[in-house]
Amino acid sequence: MLNPTHYQVIDQIAIITIDNPPVNAMSFDVRQSLSKAIDQFNSDVSVKAGILICKGRTFIAGADISEFDHLPFKDPWLPEIVQKIEDANKPIVAAIHGSALGGGLEVAMGCHFRCAIESAKFGLPEVTLGLLPGATGTQRLPRLAGAKKALDMMLSGKPINAKDAFNCGILDMIIETDLQEGAIAFVKEILDIQTPIKRLSQININSNGVSTELFNDYRNQIAKKSRGFFAPKQIIKCVEAAVELSYEDALKIENSLFLECLNSDHSKAQRHLFFAEREISNIPNKSKDTKIREINTFAIVGAGTMGCGIAMNFLNANIPVTLMEVSQEGLDRGIDIIRNNYQAQVSKGRLSQEQMEHYLKLLNGSTDYADISNADLVIEAVFENMTIKKEVFQKLDGACKPGAILATNTSTLDINVIANCTSRPEDVIGLHFFAPANIMPLLEIVRGDKTSDDVIATSLKMAKTIRKVGVLVGVCFGFVGNRMFLPYVREAEHMMLEGVSAKHIDQVACDWGMAMGPHAVTDLSGQDVFFKLNDEWEDQPDDPNYFRICKVLFEMGRYGQKSGRGIFKYEGRTAIEDPEMADIARREADELGIKQREISDNEIIERMLYAMINEGALILEQGIALRAGDIDVIFCNGYGMPRYRGGPMFYADLIGLKQVYETINSYRERYGDRYWTPAPLLEQLVAENKTFAEWSKENI
Ligand code: T1G
């Protein structure tokens, strides 16, 4: 769109309108045309003031993120536009609806005043992209809202509402009527009473309450909340500069730190995830207008921890839920789980009592399948046993209305076997939630061989409704996430047999960025869970070394946190290294003839990650995942992989597939073909000098 900025005059007021769907991102065309419009405004003697407003669903939602991979920026770059607006020779008012985010809020802060409708949002989310506000935002926002509010907004990346924006000084007026009309009236009032123009670059920061301690407090805060992330530290430096230096000198610091962030691997990873998380809904060969089935009523069969967590997602989206159990006692227990989960949120101030009561009013209970005959979507969340699941699906097949979607929450069992025990396999799909189901954002949507397109499309839309990150995957043992997590844990266990302590292996994983080490994870989920998971696997490797520690601990009743001892000992939830564990590992190693040896930290992290990556390559070539980015989204939303790593496949592309391939071959020489034969796709991409991302683009 070559001229996305329009200029018109109403009552001696210039209305400058940006029209660049879908979110009015500040692309080069917008910057160039807006710059020309400001020139026209400055030279237009017929106007006394101006309004900057946007068409479509939102005010400017930021710089054009897709431009960041094609540096250098084409002039005029955004800070220049912001300054040009501020230097205008007549007042300019930003009129905001939707979200003024990132560069959008920075442009609005270049304006002399800001008004908005009540539903508008304001934020500087650059930190979620591994960036900092690079168009003077780190300098203007502290001048407008104070250093503390500015740090809170920039470090969280979370938007605030219009009322909050008005109270902290970002917003000068909330418009109750039509935005443009209200903005015109506001401009006339400014002109009538000759409100002095406020140019933020020319005012000093109110330094009340600003001290070295404040910045150190924030540094301590991000050391925990944003462990390992690069950008948050740079944001704090920019605000410190805003307080200590002149606007011009501090701006130089913002610009240089912005470029440092922009060129960092962290930001490349986080920007990759921004687009990958939007790409997951694009299903090849599925027309965008595939009919969606209406989901107004929902039932869940199985009121255990998972079933109740799943139910809460729908209650939170104001969808009535019928919770089914075989006994009244089981049902009562389930309803208590839900009530207690909500009560815990109320106690922490995350939910009001009224909201809790509202959600509980949407919850019904039953022990009779007839009561869910009218449900639009039923999710089965009973015990992970094929016989039990087949019984449940046969009952659902008989009880539920035609067109109801029948979903299973299984984490490993074959959806096709379950689907084929009903008369309607085309209505059956897997919805694999991750514990705790009402908190973890990831949802694996598992399509069976016969699952119909509209059931897939409905499930993807439903995922958005309940604010889940829904990724479509195919049927295999463990689908995508667990199938790739098993090799990761397999290597972590094997290195224990080779003499590396569980504590050190976990530390190396956490230093790389994982939220928890592999052994802390298996202790949290339960050694019994992992034992049964592997036990269910028909093609489990016929290898006495395979998950040996897990099997021994299971036989000893050392299940992990739930039993007070697993790989670690537990005092409450605190893991303590258990010296007995090393003896167990050494004993098992002797029995297996495994030599103990020194293993470098580099090998520790490589063995775990490359085993995962190699499995990911197999998953891609088998079509179980559609794209490498989908796998990355799964691991950064369900397995505690840090967003600044971008996911396993992005990380492999970043390292270079040739290096990954050669390293895997070096482990093949030491440990044999069973686990370390490079995936054919990996071998092919190395030969073709391609990345997983390039392959994905070509094969969608
Ligand atoms: N640039 C390019 N494309 C964008 C975009 C952006 N800023 N924001 C959204 N899109 C695309 C998105 O990829 C999708 O494309 C479509 O618009 C709809 O988005 C210098 C450096 C505004 C709240 O981080 O938070 O300014 O998939 O599905 O759910 O300091 O989009 O349809 O092809 O998300 O209604 C800072 C990012 C940038 C805001 C709307 N700004 N966007 O949510 O729609 S960095 C942001 C959002 C910056 C300056 C710095 C959301 C939204 P497609 P969507 P939505």
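One-based numbering, in listed order, for ligands and for the atoms of each. No experiment lies behind these values; they were computed from the predicted model shown.
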Those atoms of ligand 1 less than 4.0 Å from some heavy atom in Phe68:
21 (C), 45 (S)
Numbered atoms and elements of ligand 1 in range of Phe274, under 4.0 angstrom, heavy atoms:
8 (N), 9 (C), 13 (O), 37 (C), 42 (N)
Would Lys468 pass as a cation-pi partner of Phe433, given that its NZ or CZ must be under 6.0 Å from the six-membered ring centre and within 45 degrees of the axis?
no
Distance to 0.1 Å, residue and atom name: give those for the protein heavy atom nearest to atom 1 (N) of ligand 1.
Ile65 N, 3.0 Å
Output the list of atoms in ligand 1 that are nearer than 4.0 Å to some heavy atom of Pro133, sorted by atom number.
30 (O)
Under 4.0 Å between a side-chain nitrogen and a carboxylate oxygen: does that hold for Glu240 and Arg219?
yes
More than 12 heavy atoms of other residues, nucleotides or ligands under 6.0 Å from NZ of Lys90: is that the case?
yes
Heavy-atom closest pair, residues Ala183 and Ile175
N-CD1, 4.0 Å
Proximity flag Val23 to ligand 1, non-hydrogen atoms under 4.0 Å:
yes
Candidate with minimal heavy-atom separation from atom 28 (O) of ligand 1, of Glu279, Glu126, Arg278
Arg278
Counting from 1, what ligand 1 atoms have a heavy atom of Ala135 closer than 4.0 Å?
30 (O)
Looking at atom 7 (N) of ligand 1, tell me if a protein heavy atom falls under 4.0 Å from it.
yes
Give me the atom names and distance for the closest heavy-atom approach of Arg57 to Val23.
NH2-CG1, 4.0 Å
Which residue and heavy atom of the protein sit nearest atom 2 (C) of ligand 1, plus the separation
Asp64 OD1, 3.4 Å
Whether Lys149 and Asp164 form a salt bridge (side-chain N of Lys/Arg under 4.0 Å from carboxylate O of Asp/Glu) is what I want to check.
yes
Please list the nearest protein heavy atom to atom 17 (O) of ligand 1 with its residue and the distance rounded to 0.1 Å.
Pro22 CG, 3.4 Å
Shortest protein contact, atom 39 (C) of ligand 1 (heavy atom only)
Ala61 O, 3.3 Å
Just jot down the ligand 1 atoms closer than 4.0 angstrom to any heavy atom of Phe258, in number order.
21 (C)
To which protein heavy atom is atom 52 (C) of ligand 1 closest, and what is the distance rounded to 0.1 Å?
Leu101 CD1, 4.6 Å
Give a yes or no on whether atom 48 (C) of ligand 1 lies under 4.0 Å from any heavy atom of the protein.
yes
Of Glu254, Glu106, Glu277, Arg57, the one whose closest heavy atom lies nearest atom 55 (P) of ligand 1 is Arg57
Pi-cation contact, Phe274 with Arg278 (under 6.0 Å, within 45°)
yes
What atoms of ligand 1 come closer than 4.0 angstrom to any heavy atom of Pro125?
24 (O), 41 (N), 46 (C)
Please confirm whether Gly134 comes within less than 3.5 Å of ligand 1 when only nitrogen or oxygen atoms on both sides are compared.
yes
For Ala63, is at least one N or O under 3.5 Å away from an N or O on ligand 1?
yes
Determine whether any protein heavy atom is located less than 4.0 Å from atom 43 (O) of ligand 1.
no
Output for pair (His272 NE2, Asp632 CG), nearest 0.5 Å, gives 3.5 Å
Within-cut-off N or O pair, Ser99 and ligand 1, under 3.5 Å:
no
Within 4.0 Å of atom 32 (O) of ligand 1 (strictly less), any protein heavy atom?
no
Centroid-to-centroid, Phe692 to Phe650, below 6.0 Å?
no
Heavy-atom contacts with Gly102 under 4.0 Å: which atoms of ligand 1 show up? List them by number with element.
26 (O), 36 (C)
Side chain to side chain, Pro284 and Leu626, heavy atoms closer than 4.5 Å:
yes
Pair Asp249 + Lys252: basic N to acidic O under 4.0 Å:
yes
Kindly give the heavy-atom pair with the smallest separation between Ala88 and Phe41, and that separation in Å.
CB-CE2, 4.0 Å
What one should report as the nearest heavy-atom pair of Phe166 and Leu171 is CD1-O, 3.4 Å
Given Ile319, which of Leu362, Leu377, Asp376, Thr465 fulfils the side-chain contact (heavy atoms from CB on, under 4.5 Å) condition?
Thr465
Give the atom numbers and elements of ligand 1 that come within less than 4.0 Å of a heavy atom of Leu129.
24 (O), 38 (C), 45 (S)
Under 4.0 Å from atom 15 (O) of ligand 1, is there any protein heavy atom?
no
